[in-house]
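Next up is a structure, given as structure tokens.
In this text, all values refer to a predicted model and were calculated from it rather than measured experimentally.
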Amino acid sequence: PTLMPVDGNGVSILDPRSGGSIGRIDFGPAGRSFDRAAPRGAVAAQAGIDIEFIGDGTIAYVAGCQGGVVCVVDTTSNEVIETIAVPEATLLTSTPGTPLVYVSSSAAPFHQSTVSAIDTRTEAVIATLPAPGAFAIDAGPLREDGSSPIYVSYLAEDFSSRGIAVIDSMTNEFERIIELPSSPTEVVVSPDGSLLYASLVAATPNGRIEEVYAVDLVRNELIGVISAIVNPFGIAFSSDGRRVYVASSKFDNFLAVVDADTAQVMDQIPLPSTHNIYAVALSDDDRRAFVAPYFGAGRIFAIDLETATVDGSFSGQVPEVLLAIDLELSPDGRSLYFPFLGDSLSEPSPTPDPDAPTCGTAESIGSLPYFDGVDTRSFSTTTEANVSCGNGSGRRAMWYAYTATASGMITTETSGSDYDTILSVYSGSCGALAEVACNDDHGTLQSEVAFAAQAGTTYYFLVTSYGNSGGTLGFFASPNP
């Protein structure tokens, strides 16, 4: 696999009313890499980062803060006060009314994954259970016997069983398996513990599955399957448990509003299409939803749930990162926490180049074949076009323009570049561009696009950086023989 290093990570803290920055926690180098060619859930499993508040929220646990550890954070000072060794720590959940935190560790191969229990009184790992396929994890409310059920995604090594495993926090033993078509990417339990919703995006022998499952935990049965939400990931329950909000992570992003009891989609709230939306969090009064992108980030969005519109006054600026899969409100509702993995903390951006190309000042290509080499590290992020492949990044943008002198196939590529590129081709005019083709990786981290050109038509070529840094771009365009 092609591994991408994760150079630094942290947590951005925002004011949930204005979206302004009110703090940041820096963890330093992440000490791990992930496979860029893997499915999205698998990438998150290789390099997840997740935050969970304990009690009144003055203490938080962060999985994946550094390679192989869970960080204990004092949220009053935003400092790490303890680290706990948990290899491959990915996601975590706390058990209400008990001193336990459970951590899923997603390993490769998948059957070596585990779930660990941490006693927050001693900061010690008190149990580690083999849990093949472990990734998504959530805890139900306290039961009469003083235990809490822990729900974690599960996939048997021989593939004979898959779905969600239930662990008893009193005995730290498996109670049962809730069978599903595959191991889910998100698992969320309703506030009263009666319902569970799980999102599943997976390639199976029977084809690709993009579904949301509703499970009645009292009767232990599946009560609904939602197939109308494309690429479902983040899930959040309303405080009364009557509604479920599910992020549809495509370039036509939307937030689905679901009736929790019937598993019927009631509404779809359109979201900005510039990023793939992953994480969802709700305000305490259920009037606002917050959504965060998976890759690229740079912006968290707030949705007014009463008007079903995006709040344009919400700033929401966060670092441009490589990976983000969580978004949490503090228990007092006064802070919004966005944990991330990425290179934006450890590698400051160069001073922006005021002469960096735009669509309107695109480098003109007079004739083919054509080659250009340019350093894009100081180039800015473009918002002039939608990038529909890769992570949708518009960063470190370089523009070219060519008016075809004859009809025929044209191939463009970035194989001479020293960074991870995304290559897009457009027709039309600046301000009204129509995408012709887009490619992220063509066998390597560089890109290649071949398309049928029409004589007299002007085409715009946009090269952007998948990561934050950019580099030396080698751009080549040629007519096909």
Inset, instruction - Would you name the heavy atoms of V70 and C65 that are closest together and state the gap between them? - result: C-SG, 4.0 Å
Legend entry - Under 3.5 Å donor-acceptor, S153 side chain and A136 backbone: yes
Inset, instruction - Give the C-alpha distance, both sets of side-chain angles, the deciding distance and a yes or no for side chain to side chain contact (heavy atoms under 4.5 Å, CB included) between L217 and S194. - result: CA-CA 5 Å; L217 295 175; S194 65; 5.8 Å; no
Inset, instruction - Under the salt bridge (charged side-chain N to carboxylate O under 4.0 Å, His left out) rule, collect the residues that match up with D119, sequence neighbours excluded. - result: R121
Legend entry - Shortest non-hydrogen contact between S105 and V86, atoms and distance: OG-CG1, 3.5 Å
Legend entry - Within-4.5 Å side-chain heavy-atom neighbours: L129 and T114: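 Answer no - side chains too far apart.
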Legend entry - Flag side-chain contact, heavy atom, 4.5 Å: S147 against S169: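 Yes, side chains in contact.
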Legend entry - F233 backbone acceptor or donor facing S199 side chain under 3.5 Å: yes
Inset, instruction - Any chance you could measure S104, atom OG, to F135, atom CZ, to the nearest 0.5 Å? - result: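 Rounded to the nearest 0.5 Å, the OG-CZ separation comes out at 7.0 Å.
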Inset, instruction - Kindly compute the distance separating CG (L336) from CZ (R17), expressed to the nearest 0.5 Å. - result: 12.0 Å
Inset, instruction - Evaluate the side-chain proximity of P181 to Y213: yes if any heavy-atom separation is below 4.5 Å, no if none is. - result: yes
Inset, instruction - May I have the step-by-step check of side-chain hydrogen bond (donor to acceptor under 3.5 Å, both in side chains) for E123 and Y61, ending in yes or no? - result: CA-CA 10 Å; E123 312 294 12; Y61 281 64; 2.4 Å; yes
Legend entry - Nearest heavy-atom neighbours spanning A134 and V115: CB-CG2, 4.2 Å
Inset, instruction - May I ask you to decide if D216's main-chain N or O and E221's side chain share a donor-acceptor pair within less than 3.5 Å? - result: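 Such a contact is absent between E221 side chain and D216 backbone.
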Legend entry - S447 backbone acceptor or donor facing N439 side chain under 3.5 Å: no
Legend entry - Separation of S238 OG from L282 CG (nearest 0.5 Å):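 Output value for this atom pair is 7.0 Å.
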Inset, instruction - Determine which pairs satisfy salt bridge (charged side-chain N to carboxylate O under 4.0 Å, His left out) with at least one residue from residues 304-318, sequence neighbours left out, and list them in order. - result: R287-E306, R288-D311
Inset, instruction - Taking the six-membered ring for Trp and the full ring for Phe, Tyr or His, determine whether the centres of Y466 and Y419 are under 6.0 Å apart. - result: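 No: the rings miss the under 6.0 Å criterion.
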Legend entry - Close side-chain approach of S335 to I13, heavy-atom, < 4.5 Å: yes
Legend entry - CZ (R176) with more than 12 external heavy atoms under 6.0 Å: yes
Legend entry - Distance-only side-chain donor-acceptor flag, T414 / Q446, under 3.5 Å: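 There is no such pair between these side chains.
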Inset, instruction - Could you tell me whether a side-chain N or O of D50 sits under 3.5 Å from a main-chain N or O of L92, the two making a donor and an acceptor? - result: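 It does hold such a pair.
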Inset, instruction - For ring pair (Phe, Tyr, Trp, His ring centres under 6.0 Å), just list the numbers for F237 and Y197, CA-CA rounded to whole Å, side-chain angles, deciding distance to a tenth of an Å, and then say yes or no. - result: CA-CA 9 Å; F237 272 92; Y197 270 68; 5.6 Å; yes
Inset, instruction - Using atom types as modelled and distance alone, determine if a side-chain donor or acceptor of T128 lies under 3.5 Å from a backbone N or O of S116. - result: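 No, T128 side chain to S116 backbone: no donor-acceptor pair under 3.5 Å.
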Legend entry - Closest non-hydrogen atom pair, R162 against S183: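 Closest heavy-atom pair between R162 and S183: CB-N, 4.5 Å.
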Legend entry - Any V257 side-chain heavy atom under 4.5 Å of V265 side chain: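 No. Closest side-chain heavy atoms not under 4.5 Å.
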Inset, instruction - May I ask you to test the V80-V72 pair for a side-chain heavy-atom distance under 4.5 Å? - result: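 V80 vs V72: side chains apart.
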Legend entry - Minimum heavy-atom distance between P96 and A139, given as atom pair plus value: CD-CB, 4.4 Å
Legend entry - Sidechain-backbone polar pair: T120 side chain, P99 backbone, donor-acceptor under 3.5 Å: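 Confirmed, T120 side chain pairs with P99 backbone.
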Legend entry - Whether S465 side chain and R396 backbone form a donor-acceptor pair below 3.5 Å: no
Legend entry - Heavy-atom side-chain contact between V62 and F27 under 4.5 Å: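 V62 reaches F27 side chain to side chain.
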Inset, instruction - First locate atom CG of L180, then atom OG of S161, and finally report the distance between them rounded to the nearest 0.5 Å. - result: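 The distance works out to 9.5 Å.
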Legend entry - Partner of I269 by side-chain contact (heavy atoms from CB on, under 4.5 Å), out of V310, L305, T309, T307: L305
Inset, instruction - Take D158 and S160 through the side-chain hydrogen bond (donor to acceptor under 3.5 Å, both in side chains) test and state the conclusion after the steps. - result: CA-CA 5 Å; D158 62 0; S160 60; 2.6 Å; yes
Inset, instruction - Please test I137 against V187 for side chain to side chain contact (heavy atoms under 4.5 Å, CB included), starting from the C-alpha separation and ending with a verdict. - result: CA-CA 6 Å; I137 189 168; V187 172; over 6 Å; no
Legend entry - Y151 and V189: CA distance, side-chain angles, deciding distance, side chain to side chain contact (heavy atoms under 4.5 Å, CB included) verdict: CA-CA 8 Å; Y151 302 90; V189 181; 3.5 Å; yes
Inset, instruction - Tell me, please, which residues at least two apart from S239 pass side-chain hydrogen bond (donor to acceptor under 3.5 Å, both in side chains). - result: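 Only D286 meet the side-chain hydrogen bond (donor to acceptor under 3.5 Å, both in side chains) criterion with S239.
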Legend entry - Donor-acceptor side-chain pairing of D192 and S190 below 3.5 angstrom: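 Yes.
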Legend entry - E175/R143 ion pair, N-O < 4.0 Å: yes
Legend entry - Inter-residue atom distance N172.CG - I126.CD1, 0.5 Å rounding: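 Reported value, rounded in 0.5 Å steps: 5.5 Å.
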Legend entry - Aromatic plane relationship, F290 with F314 - under 30° parallel, 30 to 60° tilted, over 60° perpendicular: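 Tilted, since the angle between the ring planes falls between 30° and 60°.
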Legend entry - Between CD on residue E186 and CG on residue D138, distance to nearest 0.5 Å: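 The distance works out to 8.0 Å.
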Legend entry - Side-chain heavy-atom pair L155, P132 within 4.5 angstrom cut-off: no
Legend entry - Exercise: identify the closest heavy-atom pair between C389 and I422: SG-CG2, 3.6 Å
Legend entry - Derivation and outcome, side chain to side chain contact (heavy atoms under 4.5 Å, CB included), residues T421 and L423: CA-CA 7 Å; T421 61; L423 174 59; 5.7 Å; no
